[in-house]
Each structure stands twice: as structure tokens, then as C-alpha cells.
Colleague: 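Before we start, here is the structure in question, set down as C-alpha cells.
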Amino acid sequence: MKILSVNAGSSSLKFQLLQMPEEFEIASGLVERIGNKNAEFKINFNGSSSKQSDLVVLDHSVAVDLVIKGLLEHKIISSLDEIQGVGHRVVQGGETFKESVVIDDDVVLKIAALNDLAPLHNPANIIGINAFRKAIPNVLHVAVFDTTFHQTMPEVNFLYGTPYEWYEKHGVRKYGFHGTSHQYVSEEAQKRLGKEESKIIVAHIGNGASVTAVLNGKSIDTSMGLTPLEGFPMGTRSGNVDPSIFQLMQQKEGYSLEKTLNELNKKSGYLGISGVSHDSRDIVSAANEGNHRAKLALDIQAKRIVDYIASYYVLLGGLDALVFTAGIGENAKEVRSLVCKRLEVLGIIIDDEKNNSRGDKEIQHKDSKVKIWVIPTNEEVMIARDVLRLQNSN
Ligand code: ADP
């Protein structure tokens with residue numbers, strides 16, 4: 001059965017068509033710069049790929065049409081009837097959604113009711129859902145939330161030290177994100193450990209990045225919070241800062257609240273510290289060439305990732321496996337090394353030679369008390385698994 005996994009962002013739409021339950025990727029692709037006249041559409045299938053540039057794609061419904069046309073024109077499917085389910089990534093499920101759900105009009109309204117908690121993400125997710133429901137109306141559409149895996153966090157871990165009424169009235173608490181990735185990777189790690197009772201820390205390090213403590217298969221704490229801005233410095237996000245910065249930047253630079261928030265989301269992290277780039281490849285090569293601020297960006301991030309790992313080590317009462325995943329976690333050996341070197345005091349010891357090799361691998365030193373794995377994430381497969389599960393139970 002063919003299932004489509006969809007990830008609609010504010011200006012992009014990523015998709016993957018999967019053969020399930022085999023979990024085989026039939027095709028994947030993305031439309032970028034939606035809302036512009038120079039949009040791009042890429043589609044990969046059968047080991048080849050095709051790209052169209054300078055397209056006029058003013059909204060997501062045009063992007064959805066492009067995806068469907070692409071699948072038909074390249075004969076990846078012969079008719080839309082072949083797609084038997086669509087899974088949609090939704091960033092914020094709040095406390096409303098404790099698991100993935102079949103989408104109907106009521107579910108869409110409930111997702112929209114959470115827009116205030118995820119103003120940068122949920123509105124785009126809904127536009128994607130609406131466009132695909134219109135284009136492929138007769139199949140099951142399922143919403144898979146970034147937050148549901150973290151709904152098992154106890155309140156002592158998810159509540160802030162803010163007035164309790166803020167939580168009761170407005171849902172001010174930590175939700176956590178990248179849940180599908182943390183779940184996929186920790187399930188895989190649990191399988192490899194060969195035991196249900198397990199203490200795992202997943203470091204999902206991509207442009208967006210978060211660390212999660214997983215006890216016996218359940219998330220008990222995670223570094224992202226009310227929004228994906230919380231945590232450690234990422235590609236362009238600052239991670240935690242003292243909120244008094246808002247007042248200072250208003251007094252010194254006349255920044256509005258929105259302007260400072262935008263700087264913390266889009267101009268900080270690797271980009272802001274280094275002044276070089278948001279991309280880890282540029283940062284690593286600038287650091288290797290002696291650029292002090294690029295090196296500083298890597299060191300600050302590693303230090304702050306380790307703050308989380310060390311605190312989760314204590315929270316879990318020890319550790320069986322530390323797992324790296326996502327663009328940087330899977331590919332940037334320099335970042336893994338900077339993190340692990342700071343963890344030796346806990347008996348978490350990396351093997352430099354193993355760390356140099358590519359792909360899915362085990363990279364701990366023989367003297368390490370903890371397994372260190374690189375496990376590629378697959379959020380699309382996780383989404384398709386949920387579509388299949390809900391299809392079978394409907
Ligand atoms: P997101 O999904 O949050 O946009 P990704 O998981 O795709 O992010 O990660 C993007 C990051 O991964 C970028 O900083 C990029 O430099 C890094 N990355 C991807 N491939 C490689 C590679 N081969 N070597 C080093 N870094 C890589």
C-alpha cells in the first residue's frame with residue numbers, strides 16, 4: 001500500500017511516498033519558496049531526480065498540485081487512487097492530542113485552536129492538510145504531532161517556574177518537539193539494546209535541535225519547550241536566554257518584542273555567534289581555518305548540549321545509550337566529538353576512528369560504559385507507520 005508523508009512548513013512542502021508496510025521509499029521531494037515567483041520543485045524517484053526552477057507558486061494548493069502532477073507525470077503512480085493514506089506532520093498538538101489522530105473538520109479546528117502556541121508552524125501545517133484533503137478527499141488523512149511523544153513527561157519536568165495560572169489559563173509549559181524523530185530513534189536503540197528497561201538519551205541535532213531523555217521507551221524530559229526556541233543554540237536559534245534581554249534590546253536598540261524574538265529565532269545560534277553561516281559544514285570548515293567565532297559557535301553549542309546530557313544522565317539514574325541523529329548528529333563527526341569529549345567523566349567515551357566512518361554505526365571506545373550510536377532518523381516512516389496503524393484500527 002502507498003502512503004504519502006507530508007511536512008508542510010510556512011514556505012516549503014516536503015513529501016515522501018512510501019510503500020507500506022515494507023517502509024520502502026518510492027519517491028520523495030520538496031517544493032521550496034512557496035509564496036514566490038521563483039519557487040523550486042524537486043522530486044526523487046528510482047535513483048534519479050528532476051528539478052524545476054522559477055515556478056510561480058503563490059500558495060500551498062499550487063504546491064500540492066505540483067506534487068500530484070509530478071507523481072503522475074513521472075509515472076510514479078498511475079492514478080491518485082493508488083495513494084491509500086496521507087500522514088501530515090503537525091508541530092504543536094498541545095495537551096489536546098496525546099496521540100496521532102484521523103483528521104476530520106473537528107480535528108482541523110482543534111489544531112487551529114493551538115495556533116497561538118505555535119504561530120510559526122501550525123498555520124502552515126493546516127494549509128497543507130486542507131490542500132491535500134481537497135486534492136485527495138477519499139482516503140484517510142492522519143495528523144502526527146511533534147509533541148505527542150513528550151506527553152509522557154511528568155509535570156515536575158514540564159512545568160516552568162512561572163505563575164501556575166499561566167499554565168491553567170494559557171497552556172504555558174514545556175511541550176517538546178521532534179517527537180517522531182526521538183521516538184523512531186529511541187525505539188531503534190531499544191531494539192539494539194534488546195531490553196524493554198532502558199535509559200537512552202537522543203541528541204537530534206539538525207538546523208533545529210533537541211535532546212530527549214527516554215526511560216523504558218517513554219520521553220521523560222526534553223530540551224525544547226513551549227516553542228522550538230528553547231534549549232541549546234541551533235542553526236539560527238539561540239536556545240535559552242534570560243528573558244530580560246527583551247527589555248535591554250528595546251532600551252538600547254528600540255527593538256519591538258517581535259523584532260527581538262525574530263532575532264532569537266532567525267539570527268542567533270551558529271549564524272549569530274559566528275557571523276559566518278547557519279550551516280554546520282561552513283562553521284566546521286571556518287573553524288578549521290582558524291576562525292575564532294566559528295570555533296566559539298561549535299564550542300558553545302557542545303557545552304550546552306552537554307549540560308542537557310549530563311542532567312538527563314542524573315535524571316535517568318545512569319545511561320545505556322547516547323544516540324546522535326539528524327543532519328548534524330548523523331554527519332558532523334566534529335560536533336559528536338566535541339560533545340563526547342566533554343562527557344568522559346561520566347564514562348561516555350568516543351572512539352575517534354569509529355567516529356570517522358560514515359553511516360549508521362557504533363562509535364564508543366572499548367572502555368566506554370555507555371553505547372554511543374549514530375542512528376539515521378526517519379520521521380516520514382514514523383508518520384506512515386501511524387497512518388497504517390490507524391487505518392487498520394478503523
Ligand atoms: P532540519 O531538518 O532541522 O532543517 P537537518 O536535520 O536537515 O535540519 O540538518 C541540517 C544540518 O545538517 C545543516 O547544518 C547541515 O550542515 C548538516 N549536514 C547535512 N549533511 C551534512 C554532512 N554531510 N556533513 C556535515 N553536516 C551536514
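Counting starts at 1 for both ligands and their atoms, following the listed order. If you're wondering where the values come from, they're calculated on a predicted model, not measured in any experiment.
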Colleague: Using a strict cut-off of less than 4.0 Å between a Lys/Arg side-chain nitrogen and an Asp/Glu carboxylate oxygen, indicate whether E40 and R33 qualify as a salt bridge.
Modeller: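 Yes, charged N to carboxylate O under 4.0 Å.
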
Colleague: Counting only N and O atoms by type, is there a donor-acceptor contact under 3.5 Å from the side chain of S100 to the main-chain atoms of D386?
Modeller: no

Colleague: Do other residues, nucleotides or ligands put more than 12 heavy atoms under 6.0 Å from the CD atom of E22?
Modeller: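 For E22, atom CD is crowded (more than 12 foreign heavy atoms under 6.0 Å).
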
Colleague: Would you confirm whether Y160, through its side chain, and L226, through its main-chain N or O, come within 3.5 Å as a donor-acceptor pair?
Modeller: yes

Colleague: Just to check, does G208 reach to within less than 4.0 Å of ligand 1 when the distance is taken from its heavy atoms?
Modeller: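 True for this residue.
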
Colleague: Nearest to atom 11 (C) of ligand 1, what protein heavy atom do you find, and at what distance?
Modeller: I328 CG1, 3.6 Å

Colleague: Any idea how H178 and H204 line up, ring-wise: parallel (<30°), tilted (30 to 60°), or perpendicular (>60°)?
Modeller: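 Ring orientation, 0 to 90° scale: parallel.
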
Colleague: Indicate yes or no: does an N/O atom of A326 lie under 3.5 Å from an N/O atom of ligand 1?
Modeller: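 Such a contact does not occur with ligand 1.
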
Colleague: Should you measure from each heavy atom of G206, which atoms of ligand 1 turn up under 4.0 Å away?
Modeller: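 By the 4.0 Å cutoff, the relevant atoms are 5 (P), 6 (O), 8 (O), 9 (O).
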
Colleague: Could you identify the single nearest non-hydrogen protein atom to atom 18 (N) of ligand 1 and state the distance to 0.1 Å?
Modeller: G327 O, 3.6 Å

Colleague: Where is the nearest protein heavy atom to atom 8 (O) of ligand 1: which residue, which atom, and how far?
Modeller: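 I find the closest protein heavy atom is N207 N, 3.0 Å.
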
Colleague: Under 4.0 Å between a side-chain nitrogen and a carboxylate oxygen: does that hold for R385 and E23?
Modeller: yes

Colleague: Any idea which protein heavy atom is nearest atom 16 (O) of ligand 1, and the distance to it?
Modeller: D279 OD1, 2.4 Å

Colleague: L271 and V335: same hydrophobic cluster, using ILVMFWY side-chain contacts below 4.5 Å?
Modeller: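 Unlinked, L271 and V335 end up in two clusters.
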
Colleague: Please state which protein non-hydrogen atom is closest to atom 20 (N) of ligand 1 and give its distance, to 0.1 Å?
Modeller: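 Result: N331 ND2, 3.3 Å.
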
Colleague: Does the protein place any heavy atom closer than 4.0 Å to atom 2 (O) of ligand 1?
Modeller: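 False for atom 2 (O) of ligand 1.
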
Colleague: Which residue owns the protein heavy atom closest to atom 25 (C) of ligand 1, what's the atom, and how far is it?
Modeller: R281 CG, 3.5 Å

Colleague: Over 60° means perpendicular and under 30° means parallel, so tell me whether F45 and H74 are parallel, tilted or perpendicular.
Modeller: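 Correct class here is tilted.
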
Colleague: For atom 26 (N) of ligand 1, which protein heavy atom lies nearest, and how many Å away is it?
Modeller: S280 OG, 3.2 Å

